[in-house]
Chemist: 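Below you'll find the structure I mean.
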2 protein chains.
Amino acid sequence: MQSALTLLSALAEPTRLAAVRLLWDGREHCVCELVRVLGVTQSRMSRHMAALKQAGIVIDRRDAQWVRYRRNPELPAEQAAIIDAVVNSLKTRSDRKAA
Amino acid sequence: MQSALTLLSALAEPTRLAAVRLLWDGREHCVCELVRVLGVTQSRMSRHMAALKQAGIVIDRRDAQWVRYRRNPELPAEQAAIIDAVVNSLKTRSDRKAA
DNA sequence: TGCGCATATGCGTGCAAGCGCATTTATGAT
DNA sequence: ATCATAAATGCGCTTGCACGCATATGCGCA
């Protein structure tokens with residue numbers, strides 16, 4: 001049950017959920033981009049990305065002065081299914097841009 | 001995004017997640033049964049069930065001195081899909097009884 | 001070497017969540 | 001009426017989380 005709780009806790013926060021939604025396009029995104037798009041402070045974004053990484057949801061890669069985050073390709077299928085369902089639920093109506 | 005966050009926050013707590021797993025058999029369960037099965041105090045269980053009800057995940061029904069909870073049949077499909085995925089992930093290996 | 005951009009982190013603060021205990025409220029049985 | 005069982009709730013406490021600010025670290029370029 002622990003892994004499910006870890007996953008759910010990681011997703012149950014607005015900034016992190018928004019970040020996961022963005023990262024779920026399968027591509028890489030640097031922290032500075034997320035900061036710009038989501039309109040949050042840098043330290044806040046950095047910490048939340050560290051939390052998502054800690055939860056095993058994303059992985060990071062250093063690229064010059066940037067750190068690029070992306071969806072963890074080794075995420076177990078059962079957990080990926082949960083996130084897919086969550087992200088899918090965000091596609092509904094006004095959720096496309098609403099906070 | 002709010003409804004997804006509400007749902008995720010409700011599930012991201014051990015006692016509530018355990019309760020949801022039990023209730024996801026589709027049948028009714030009174031608080032006293034959950035207290036016994038999950039081994040938690042009565043006030044704790046009562047509050048957590050109130051939280052799940054508040055989140056729209058379950059509904060309750062008074063039956064004599066008991067209050068019977070069950071899965072909310074009117075839960076939107078996108079949200080039900082999330083919970084289904086979560087509950088399904090709990091079926092893996094040792095998660096059957098582990099806390 | 002020195003500068004600038006990107007990212008991480010130490011620190012202190014405020015707030016919300018979860019808890020147990022005790023009590024109250026419902027309901028039914030004797 | 002009294003009592004027993006079930007459930008909810010007021011209260012106070014503790015803890016963990018998220019936050020911003022300031023600073024440190026990593027990296028490339030001039």
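Each chain gets a letter, A, B and so on, in the order its sequence line appears, and its residues count up from 1. FYI, side chains are in, hydrogens and waters are out, and symmetry mates aren't considered; it's all heavy atoms of this structure. Everything numeric in this text was worked out from a predicted model, so none of it was measured.
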Chemist: Can you measure Glu28(B) atom CD to dA7(D) atom C1' for me and round it to whole angstrom units?
Modeler: 16 Å
Chemist: Has Arg44(A) got a side-chain N or O lying under 4.0 Å from the OP1 or OP2 atom of dG20(D)?
Modeler: yes
Chemist: Take atom CG of Asp60(A) and atom C1' of dA6(C), then tell me their distance rounded to the nearest Å.
Modeler: 13 Å
Chemist: Without decimals, in angstroms, what is the distance between Lys53(B) NZ and dA7(D) P?
Modeler: 13 Å
Chemist: For a 4.5 angstrom cut-off between non-hydrogen side-chain atoms, does Ile59(B) reach Arg70(B)?
Modeler: yes
Chemist: Just to confirm, is there a sub-4.0 Å distance from OP1 or OP2 of dG26(D) to any side-chain nitrogen or oxygen of Arg62(A)?
Modeler: no
Chemist: Checking side-chain hydrogen bond (donor to acceptor under 3.5 Å, both in side chains) between Glu28(B) and each of Arg68(B), Arg61(B), Arg71(B), which is the one that passes?
Modeler: Arg61(B)
Chemist: What is the distance from CD of Gln54(A) to P of dA8(C), rounded to the nearest Å?
Modeler: 14 Å
Chemist: Determine whether a donor-acceptor pair (N or O, by modelled atom type, separation under 3.5 Å) exists between the side chain of Asp60(B) and the backbone of Val67(B).
Modeler: no
Chemist: Look at the side-chain N and O atoms of Arg47(A) and state whether any lies under 4.0 Å from the OP1 or OP2 oxygen of dC17(D).
Modeler: no
Chemist: Measure CD/Glu33(A) against C1'/dA6(C) and give the value in whole Å, please.
Modeler: 14 Å
Chemist: Could you give the CD-to-P distance, from Glu13(B) to dT15(D), as a whole number of Å?
Modeler: 17 Å
Chemist: With respect to the side chain of Ala64(A), which nucleotide from dA8(D), dA18(D), dC27(D) is positioned closest?
Modeler: dC27(D)
Chemist: Just to be sure I understand the rule, does Arg68(A) reach a base, reach only the sugar-phosphate, or reach nothing, if contact means heavy atoms closer than 4.0 Å?
Modeler: nothing
Chemist: Hey, does Thr41(B) reach any base, or is it just sugar-phosphate, or nothing, if we go heavy atoms under 4.0 Å?
Modeler: sugar-phosphate
Chemist: How is Ser46(B) classified with respect to the nucleic acid when contacts are heavy atoms under 4.0 Å: base, sugar-phosphate, or nothing?
Modeler: base
Chemist: Of Gln42(A) and Gln65(A), whose closest DNA chain D nucleotide lies nearer the 5' terminus?
Modeler: Gln42(A)
Chemist: What is the minimum heavy-atom distance between Gln79(A) and Ser3(A), and which atoms define it?
Modeler: NE2-CB, 3.5 Å
Chemist: Measuring only between side-chain heavy atoms, which start at C-beta, is Trp24(A) closer than 4.5 Å to Ile57(A)?
Modeler: yes
Chemist: Ignoring backbone atoms, test whether His48(B) places a side-chain nitrogen or oxygen under 4.0 Å from the OP1 or OP2 oxygen of dA17(C).
Modeler: no
Chemist: Quick one: Arg16(A) CZ to dA18(D) C1', roughly how many Å, whole number?
Modeler: 9 Å
Chemist: Can you tell me the distance, in whole Å, between the CG atom of Leu38(A) and the P atom of dT7(C)?
Modeler: 13 Å
Chemist: Using a cut-off of strictly less than 4.0 Å, decide whether Tyr69(B) has a side-chain nitrogen or oxygen near OP1 or OP2 of dA6(D).
Modeler: no
